[in-house]
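The block underneath contains the structure these notes are about, expressed in structure tokens.
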Amino acid sequence: MSDITRIETDPRRSRAVVYNGMVFVGGMTADDRSQDIKGQTRQTLAKIEEFLARAGTDKNRLLTAQIWIKDLARDFDGMNEIWNAWTAPNSAPTRATAQADMGAPDVLVEIIVTAAVGQ
């Protein structure tokens, strides 16, 4: 049986969980929410990269992503511009994107990813 490793756990959630050769990175959002969709997407992806590194992997090993955008009609293209530049060549994960009411009014994007860990 594989051990479960939790990264940055508090009473409500873990920011990432490593189990059975995979890392599950919980919903990430930007810290500076005064930014537009491009700025928030960049910050969110940078946070994801940090948690992937802490789990022993990187964006080249992404398996799947879930992206929620506050205003899909307004921000989909801007988010995709940053996402497409960030995603490792020939390593795009499966992905779903949807519009959602966010937990805070100034959050424009939230992203969850799952990646393989190890070689």
- Task: Go through Val117 and Arg61 one step at a time and tell me if the side-chain contact (heavy atoms from CB on, under 4.5 Å) criterion holds.
- Result: CA-CA 7 Å; Val117 176; Arg61 299 186 51 83; over 6 Å; no

Going through the checks in order, is the side-chain contact (heavy atoms from CB on, under 4.5 Å) test met by Ile4 and Val18? CA-CA 6 Å; Ile4 298 172; Val18 181; over 6 Å; no

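Heavy atoms from other residues, nucleotides or ligands lying under 6.0 Å from CZ of Arg74 number more than 12. More than 12 heavy atoms of other residues, nucleotides or ligands shown are found within 6.0 angstrom of CG on Asp32.
A salt bridge does not link Arg13 to Glu8: none of the charged side-chain nitrogens sits closer than 4.0 Å to a carboxylate oxygen.
Minimum interatomic distance between Glu110 and Gly27 (heavy atoms only, all atoms of both residues): OE2-CA, 3.3 Å. Of all the heavy atoms in Pro93 and Thr87, the pair that sits closest is CD-CG2, 4.1 Å. When every heavy atom of Met102 is checked against every heavy atom of Lys70, the shortest pair comes out as CE-N, 3.8 Å. Annotation for Ile112 and Gly26: closest pair CG1-C, 3.8 Å, computed over non-hydrogen atoms. Closest approach of Glu49 and Trp86 over heavy atoms only: OE2-NE1, 2.7 Å. Tyr19 approaches Asp3 most closely through the heavy-atom pair CD1-O, 3.8 Å.
Between Arg15 and Met28, some side-chain heavy-atom pair lies under the 4.5 Å cut-off. Contact annotation: the side chain of Ile37 never approaches that of Phe76 to less than 4.5 Å [non-hydrogen atoms, C-beta and beyond]. For the pair Ile48/Ile111, a side-chain contact is recorded, criterion being any heavy-atom separation below 4.5 Å from C-beta on. A heavy-atom distance below 4.5 Å is not found between the side chains of Thr29 and Gln40. Side-chain contact between Ile82 and Leu45: present, with at least one pair of heavy atoms (C-beta onward) separated by less than 4.5 Å.
Atom CG in Leu52 sits 10.0 Å away from atom NZ in Lys59 (nearest 0.5 Å). Here the straight-line distance linking atom CG of Leu62 with atom CG of Asn60 works out to 8.0 Å at 0.5 Å rounding. Here the straight-line distance linking atom CG of Asn80 with atom OG1 of Thr41 works out to 9.0 Å at 0.5 Å rounding.
Checking side-chain atoms of Asp75 against main-chain N and O of Gly78 turns up no donor-acceptor pair under 3.5 Å. The closest donor-acceptor contact from the side chain of Gln99 to the backbone of Asp71 lies at 3.5 Å or more, if one exists at all. Judged by distance alone, the side chain of Thr57 and the main-chain N or O of Ala116 form a donor-acceptor pair under 3.5 Å. The main-chain N or O of Leu63 is found under 3.5 Å from a side-chain atom of Thr94 such that the two form a donor-acceptor pair.
Note on Val109 and Val107: separate hydrophobic clusters, where clusters join Ile, Leu, Val, Met, Phe, Trp and Tyr whose side-chain heavy atoms are under 4.5 Å apart, directly or indirectly.
The side chain to side chain donor-acceptor pair (under 3.5 Å) test applied to Gln66 returns no partner, not counting sequence neighbours. Residues passing the side chain to side chain donor-acceptor pair (under 3.5 Å) test with Glu50: none are found, sequence neighbours excluded. Trp68 meets the side chain to side chain donor-acceptor pair (under 3.5 Å) test with no other residue; sequence neighbours excluded.
Side chain to side chain, Thr44 and Arg42 fail the donor-acceptor criterion of an N or O pair below 3.5 Å.
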